[in-house]
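Just the heavy atoms: all of them, side chains too, but no hydrogens, waters or symmetry mates, feed the values below. Numbering of ligands and ligand atoms starts at 1, following listing order. Everything numeric in this text was worked out from a predicted model, so none of it was measured.
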Amino acid sequence: MIHNVGTQLRRGLASVFSSRSSRKSISHAENHSDAMADGQGYRNPTEVQMSQLVLPCHTNQRDELSIGQLLKWIDTTACLSAERHAGCPCVTASMDDIYFEHTISVGQVVNIKAKVNRAFNSSMEVGIQVTSEDMGSEKQWTVCKALATFVAHHELTKVKLKQIIPQTEEEKTEHGVAAERRRMRLVYAETIQDLLASFPIKDDMENRDCSHMVPAEKTYVESVELVLPPHANHQGNTFGGQIMAWMENVATIAASRLCRAHPTLKAIEMFHFRGPSQVGDRLVLKAIVNNAFKNSMEVGVCVEAYRQEAETQRRHINSAFMTFAVLDADNQPRKLPWIRPQPGDGERRYREASARRKIRLDRKYIVSCKQTEMPLSVPWDPSNQVYLSYNNVSALKTLAAKDNWVLSAEINQVRLYTLEDDKFLSFHMEMVVQVDAAQVFLLLSDLRRRPEWDKHYRSVELIQQVDEDDSIYHVVSPALSSDAKPQDFVILASRRKPCDCGDAYVIALRSVMLPTQPETPDYSRGETLCSGFCFWREGDQMTKVSYYNQATTGLVNYLTTNVSGLSSEFFSTFKACEQFLLNNRNDLAPSLQTL
Ligand code: COA
Ligand code: ADP
């Protein structure tokens, strides 16, 4: 269905747009942003690049670049980018999930590019891209993408960082979405703990073939490292990349002990450096295989630091979970032996590893999936609710950050912009209202009030208050034609206050599937892909309000008639929205004054 939409849209619009001129402006904008992203004429001031020739001393037991070495290079490049922006020393606070798509052989070149996506207060999100290059054939591969958070410190005090001003479309998108990723990161540990505690995990141990089971304790590794000056920065703080490399080393040993072969690291789960360690610290690393699935295994690693003079006072520095596979000569994953966990903690970790696997797969699918690759409605489930909410907001921010919007019509200071890309036709309406942004946020984020100004919303019922910022509604819309049934929608609304000044208020809307809200014969079930509001404070009591919609088939006809001036329905609906905001501008709850 999604794929047909683009074709229909293009056909529908062919007569409406002065298609040559709008296409020209789109391709011009694309070329412009490509050129900027390419670095021809523009280079992000925080960008740092590192290129390394992979030598035998960098490789592992499979004669491939060791992931530990790669993590050291990634961390150094990202840290230099963070320090370039901060102008002072920075430490690694966390690293998001990393999925390794390719291994790298001796003689190939690794290219690492890092840039700061956004600065918050004392922390920054750094985006890292790793590619490999074959010198003989000129071929290039994406190895992985990573997102790290660095915290700036100046003489042990916190630093207030200057903001990043994004220039290109890609920078604007990353800047917008970084705020949403930060939100997810900061609740990550609790989210996982809640999910693990509430997850009904099937215990499949009884169905496993006991003759092929390896006792987990056989994979146990304990190793100690002394932090020396080469492992630390000029302030004596251990490099995050060095710790990650040591963790990868013990995890690989534990994995090898299960499979009795040379395993390949496929993924590292998001982790957080809980506290610093310095030159002179002893680091104790413990690893064990928590669970083995058919073709992959999860190895957990825990790092504690202590000073020689106070060995009993150990500080928990980090824990990480790594997924390994064993590849055969054709790069296909081999079947792995089952693991028999130790009673107590071992059994708990065994079950938690199964749950993490499910959560990880959901997260990878929803978070890293392109908008156009997603099924329109995704099933709502406690294990994916954080990621669906992230996806909802980031899709809207990505749409809003596009730089090839074309002004297509304007009536009474309400502007209609359109954007045509491969698969969709999107539109956005824009106006300035004389109402405070906090009040606009309050009025528009409660979808139950939308029927007061939008006749496409006949009735709205709140069916689930997920948390303070996310709600699920059942919306009924009038029939699209006289012989059709009314439509209904199940919509997730995610609202976000601005992260800093200049940032937008966001109310993102998308369809979800809820088991408690199945389709009924009374309505035809509609779906909305990505829509919602972004608005910005434009001074005292003034707000620029934008409504975005990635148009689906049902809207094409309305859109084309509005663009061509045959109908002004969009404009009158948006004007009704303005009137609704003006009529209700004064019933401001005191708590909202600070929003
Ligand atoms: N992921 C990303 N950022 C995080 C985070 C996490 N899990 N936990 C905290 N932060 C960010 C906060 O958002 C905050 O950012 P902001 O100032 O932009 O709002 C910043 O870190 C400071 O947070 P705060 O709560 O004030 O401090 P904290 O006591 O939690 O300390 C660290 C956070 C990262 C500074 C601290 O845990 C630390 O020193 N870790 C070790 C870092 C290190 O030495 N790394 C190298 C390897 S050991
Ligand atoms: P959890 O036990 O909840 O998984 P930890 O942070 O204590 O979290 O440990 C992370 C991982 O490190 C564990 O899942 C396990 O794989 C490994 N680990 C931690 N402590 C030990 C230990 N004493 N012996 C073996 N492995 C350990």
Taking only heavy atoms of N290 into account, list the atoms of ligand 2 that are under 4.0 Å away from them. 14 (O), 15 (C), 16 (O)
Using a 4.0 Å cutoff against the non-hydrogen atoms of I243, which atoms of ligand 1 qualify? 47 (C), 48 (S)
Non-hydrogen protein atom less than 4.0 angstrom from atom 8 (O) of ligand 2: no
Candidates K497, R495, R496 - the one meeting side chain to side chain donor-acceptor pair (under 3.5 Å) with S445: R495
Taking the non-hydrogen atoms of T92, is any one of them nearer than 4.0 angstrom to ligand 1? yes
Closest to atom 26 (O) of ligand 1 among protein heavy atoms sits K158 NZ, 2.1 Å
Check: of A119, S277, P276, G240, min heavy-atom distance to atom 39 (O) of ligand 1 comes from P276
Give the contacting part of S319 toward ligand 2: side chain, backbone, both or neither, where contact means a heavy-atom distance below 4.0 Å. side chain
Can you confirm, on distance only, whether ligand 2 has an N/O atom lying under 3.5 Å from any N/O atom belonging to G300? yes
Atom pair CD/CD of E125 and E174 - distance to nearest 0.5 Å: 7.0 Å
Quick one: does Q242 get within less than 4.0 Å of ligand 1, heavy atoms only? no
Tell me whether H316 reaches ligand 2 (any heavy atom closer than 4.0 angstrom to a ligand atom). yes
Euclidean distance, L265 CG relative to I67 CD1, rounded to 0.5 Å: 5.5 Å
Ligand 2 N/O within reach of R348 N/O, cut-off under 3.5 Å: yes
Using heavy atoms and a threshold below 4.0 Å, how should the contact between D345 and ligand 2 be classified: side chain, backbone, both, or neither? neither
Which protein heavy atom lies closest to atom 32 (C) of ligand 1, and at what distance to 0.1 Å? V151 CG2, 4.7 Å
